Protein chains: 2
Amino acid sequence: MRRSERKIERIINYRRVLIKLERAGETNIFSHQLSALTNATPAQIRRDLMEMDTSGSPAHGYVVKDLIKSINNYIGADKEQVAIIGLGNLGKAITNYVNGSSENLKIVAGFDIKSEKVNRVVAGCHSYHLQDFEKIAKERGIKTVILTVPVRVAQDVAEQVTKAGVRGILNYAPVNLHLSDDIYVENRDMISAVEKVAYFSDH
Amino acid sequence: MRRSERKIERIINYRRVLIKLERAGETNIFSHQLSALTNATPAQIRRDLMEMDTSGSPAHGYVVKDLIKSINNYIGADKEQVAIIGLGNLGKAITNYVNGSSENLKIVAGFDIKSEKVNRVVAGCHSYHLQDFEKIAKERGIKTVILTVPVRVAQDVAEQVTKAGVRGILNYAPVNLHLSDDIYVENRDMISAVEKVAYFSDH
DNA sequence: CTCACAATGTGAATCTTTTCACACTTGAAA
DNA sequence: TTTCAAGTGTGAAAAGATTCACATTGTGAG
Ligand SMILES: NC(=O)c1ccc[n+]([C@@H]2O[C@H](COP(=O)([O-])OP(=O)(O)OC[C@H]3O[C@@H](n4cnc5c(N)ncnc54)[C@H](O)[C@@H]3O)[C@@H](O)[C@H]2O)c1
Ligand SMILES: NC(=O)c1ccc[n+]([C@@H]2O[C@H](COP(=O)([O-])OP(=O)(O)OC[C@H]3O[C@@H](n4cnc5c(N)ncnc54)[C@H](O)[C@@H]3O)[C@@H](O)[C@H]2O)c1
């Protein structure tokens, strides 16, 4: 049975916050404290954590270190190797951001087709021509890509990378991709996001 | 009763796609065609459109022009005036993108505190010092802001702008904001997004 | 040692969202 | 005309997500 997207999102968030807490020297945490840091209700947090293999104690809550371990165990601990395609404004900004702050993943390669964007280094990540994608993706075991290419090429590029073994795409181009339905696609359109907030600001 | 966030998101998406279709000269569309362009199922689209004041015909589907009008009517047609706070890499990229491609909203002012970011023009949008926020927000009727400031100041800035009348925030800083609960906050964290896709690439 | 407390773990209830399935509509073709 | 094919509109069922509420538990104060 496929796990719920909503729940996975929340759990990823808990982990992120917990890692920060651990850094800050916190050893224990109650569900209502985690709630304040993540926007999930205490009851929901307890329910989410139910299927982890750690449990909390009424007196001291959850042990931060154990919880991180359990979450890693639940969703996977390996530092994910991802690639980004399209090294324009957005692509560069994301690469810098992700490689500068993520604990759990790294953008290990960038791809573009413009010669001046190829063979550079951005945020510790080398850039290649897209035609080398398959080779490098195989070498590095890349299964996930971030797509920040212009709309008009997004579908083609998506097909190309999935043929090379990619199984999940985070798509920032405002277009609906058509791919085999065992490929996971998440669309993140900033304009829709702002429109949504604007709507709820008024309602 | 507050409308469902999911549904509003889908409807905003339909509108976006319909506007493109109208530009391209399409006059009519069936639910299954809209489905291919938006990722919602035909049944879901029909259900969403039920509460619009247009209806489709079995032979010709929906009239694109009418549908856009009905959606505008349902969620609001005014071109929303929004502001962006924090004109760093991400802030500039978003401003350019939104002002370059959105039909339904415009970023009309940018704010920062660094003197070299103030009193410039980015994508047709003037930048001001944050201390002038209240004045300008009142003048322009700004109710929605995009927050792209560093984490450490995000909570303060959020409090400041909500005191000045802002009712909705699209927050890109990876921190959970604590505000009065009639303020709508949407968090968009790119790292969580990539982690989620990476998870589902493997599962 | 015992009590009171504050928090956990969780079955059940509730609330929300999506899908199903089919009667109904429209227009074109025979 | 009548029939047929392909869509719409929608009540009802199903699936999914969240919240409730409370028995249970571990701890520290008295
Ligand atoms: N700038 C933003 O804030 C922003 C926000 C949301 C979405 N987007 C979307 O993200 C995409 C990129 O935006 P951007 O502002 O970075 O644009 P950009 O033009 O700065 O960058 C696009 C990059 O993709 C490269 N490219 C073009 N064709 C390619 C191909 N076939 N294979 C590989 N690379 C290719 C280009 O060389 C360029 O470097 C666009 O679809 C845009 O609509 C941008
Ligand atoms: N770069 C990315 O792709 C990216 C992606 C996701 C999230 N983020 C987050 O978005 C935020 C901005 O990222 P960035 O890369 O653009 O950083 P940046 O440092 O380039 O930009 C931050 C801007 O905010 C301004 N600022 C600082 N304090 C301010 C204040 N009190 N009021 C108004 N403006 C203020 C700074 O002067 C600067 O211009 C950060 O929280 C970052 O974590 C960035």
Side-chain angles (χ1 to χ4, degrees), chain A residues 1-14 18 21 26-68 70-71 74-75 176 181 196 199-200 203, chain B residues 1-14 18 21 26-68 70-71 74-75 176 181 184 187 196 199-200 203:
Chain A
M1 194 202 44
R2 169 171 260 208
R3 284 168 177 167
S4 144
E5 294 195 17
R6 296 289 202 85
K7 191 197 287 193
I8 293 296
E9 242 170 289
R10 286 192 303 269
I11 291 176
I12 282 172
N13 221 232
Y14 304 152
L18 289 166
L21 288 171
E26 301 289 336
T27 59
N28 290 80
I29 191 164
F30 292 113
S31 61
H32 66 268
Q33 299 176 309
L34 198 47
S35 168
L37 295 166
T38 60
N39 226 17
T41 64
Q44 188 154 54
I45 289 170
R46 293 201 303 278
R47 176 152 303 274
D48 287 339
L49 298 186
M50 259 179 76
E51 41 198 283
M52 308 282 116
D53 58 9
T54 329
S55 68
S57 100
H60 302 300
Y62 302 89
V63 176
V64 173
K65 194 159 57 65
D66 296 352
L67 208 42
I68 294 170
S70 301
I71 292 177
Y74 185 78
I75 61 179
N176 190 39
D181 62 6
K196 180 184 171 191
Y199 171 85
F200 284 107
H203 291 86
Chain B
M1 192 202 43
R2 170 169 252 200
R3 284 170 177 166
S4 143
E5 294 195 17
R6 297 291 202 87
K7 190 196 287 195
I8 293 297
E9 242 170 289
R10 284 193 304 269
I11 290 175
I12 282 171
N13 221 231
Y14 303 153
L18 289 166
L21 287 171
E26 302 287 337
T27 59
N28 291 80
I29 190 163
F30 291 113
S31 62
H32 66 269
Q33 298 175 309
L34 197 48
S35 168
L37 294 166
T38 60
N39 226 14
T41 64
Q44 190 156 52
I45 289 170
R46 294 201 303 277
R47 176 153 303 274
D48 287 339
L49 299 185
M50 259 177 77
E51 41 198 282
M52 308 283 117
D53 58 9
T54 329
S55 68
S57 103
H60 302 299
Y62 302 89
V63 176
V64 173
K65 196 160 55 66
D66 296 353
L67 208 42
I68 293 171
S70 302
I71 293 177
Y74 185 80
I75 62 179
N176 190 38
D181 62 8
Y184 183 85
N187 295 301
K196 180 184 170 191
Y199 172 85
F200 283 108
H203 290 87

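Residue numbering restarts at 1 for every chain, and letters A, B, ... go by the order of the sequence lines. Please read these numbers as outputs of a predicted model, since none were measured by experiment.
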Any chance you could measure A:Ile45, atom CD1, to A:Leu34, atom CG, to the nearest 0.5 Å? 4.0 Å

Base, sugar-phosphate alone, or nothing: which one does B:Arg2 contact when heavy atoms must sit under 4.0 Å apart? nothing

Using a heavy-atom cut-off of under 4.0 Å over every strand shown, decide if A:Arg10 touches base, sugar-phosphate, or nothing. sugar-phosphate

Each nucleotide of nucleotides 9-15 of chain C classed B (base within 4.0 Å of a protein heavy atom), S (only sugar-phosphate) or -, in 5' to 3' order, makes BBBB---

Atom [atom1] of [X] and atom [atom2] of [N]: how far apart are they, to the nearest Å?
{"X": "B:Asn28", "N": "D:dA6", "atom1": "CG", "atom2": "P", "result": "18 Å"}
{"X": "A:Phe30", "N": "C:dT8", "atom1": "CZ", "atom2": "P", "result": "6 Å"}
{"X": "A:Glu5", "N": "C:dT16", "atom1": "CD", "atom2": "C1'", "result": "17 Å"}
{"X": "A:Glu9", "N": "D:dA17", "atom1": "CD", "atom2": "C1'", "result": "14 Å"}
{"X": "A:Gln44", "N": "D:dC20", "atom1": "CD", "atom2": "C1'", "result": "13 Å"}
{"X": "B:Ile8", "N": "C:dT17", "atom1": "CD1", "atom2": "C1'", "result": "14 Å"}
{"X": "A:Ile11", "N": "D:dA17", "atom1": "CD1", "atom2": "P", "result": "12 Å"}
{"X": "B:Glu51", "N": "D:dT8", "atom1": "CD", "atom2": "P", "result": "17 Å"}

Residue A:Pro58, side-chain atoms from C-beta onward, closest of D:dT25, C:dT17, C:dG27: D:dT25

Can you identify which nucleotide, out of D:dT27, D:dT19, C:dG27, has its nearest atom closest to the A:Thr41 side chain? D:dT19

Both A:Arg6 and A:His60 contact DNA chain D. Taking the nearest nucleotide for each, which residue is further toward the 5' end? A:Arg6

Closest nucleotide of DNA chain D for B:Ile29 versus for A:Asp48: which of these residues is on the 5' side? B:Ile29

Test side-chain contact (heavy atoms from CB on, under 4.5 Å) applied to A:Arg2 and B:His203, step by step: CA-CA 8 Å; A:Arg2 169 171 260 208; B:His203 290 87; 6.0 Å; no

Do B:Glu5 and B:Tyr184 pair up side chain to side chain, a donor and an acceptor below 3.5 Å, judged on atom types alone? yes

Throw together a table of side-chain donor-acceptor distances under 3.5 angstrom for residues 49-63 of chain A, partners on residues two or more places apart or in other chains.
unit_1: A:Glu51; atom_1: OE1; unit_2: A:Tyr74; atom_2: OH; d: 2.8
unit_1: A:Glu51; atom_1: OE2; unit_2: A:Lys7; atom_2: NZ; d: 2.6
unit_1: A:Asp53; atom_1: OD1; unit_2: A:Ser70; atom_2: OG; d: 2.9
unit_1: A:Asp53; atom_1: OD2; unit_2: A:Asn73; atom_2: ND2; d: 3.4
unit_1: A:Thr54; atom_1: OG1; unit_2: A:Ser70; atom_2: OG; d: 2.1
unit_1: A:Ser57; atom_1: OG; unit_2: A:Ala59; atom_2: N; d: 3.3
unit_1: A:Ser57; atom_1: OG; unit_2: A:His60; atom_2: N; d: 2.9

Short question: side chain of B:Asn39, backbone of A:Asn176 - any donor-acceptor pair under 3.5 Å? no

Measuring to OP1 and OP2 of C:dT17, would you say a side-chain N or O of B:Ser4 lies under 4.0 angstrom away? yes

Who pairs with B:Tyr14 by ring-ring contact (aromatic ring centres under 6.0 Å, His included), at least two apart in sequence or on another chain? none

A:Lys196 and B:Ile12: CA distance, side-chain angles, deciding distance, side-chain contact (heavy atoms from CB on, under 4.5 Å) verdict: CA-CA 7 Å; A:Lys196 180 184 171 191; B:Ile12 282 171; 4.2 Å; yes

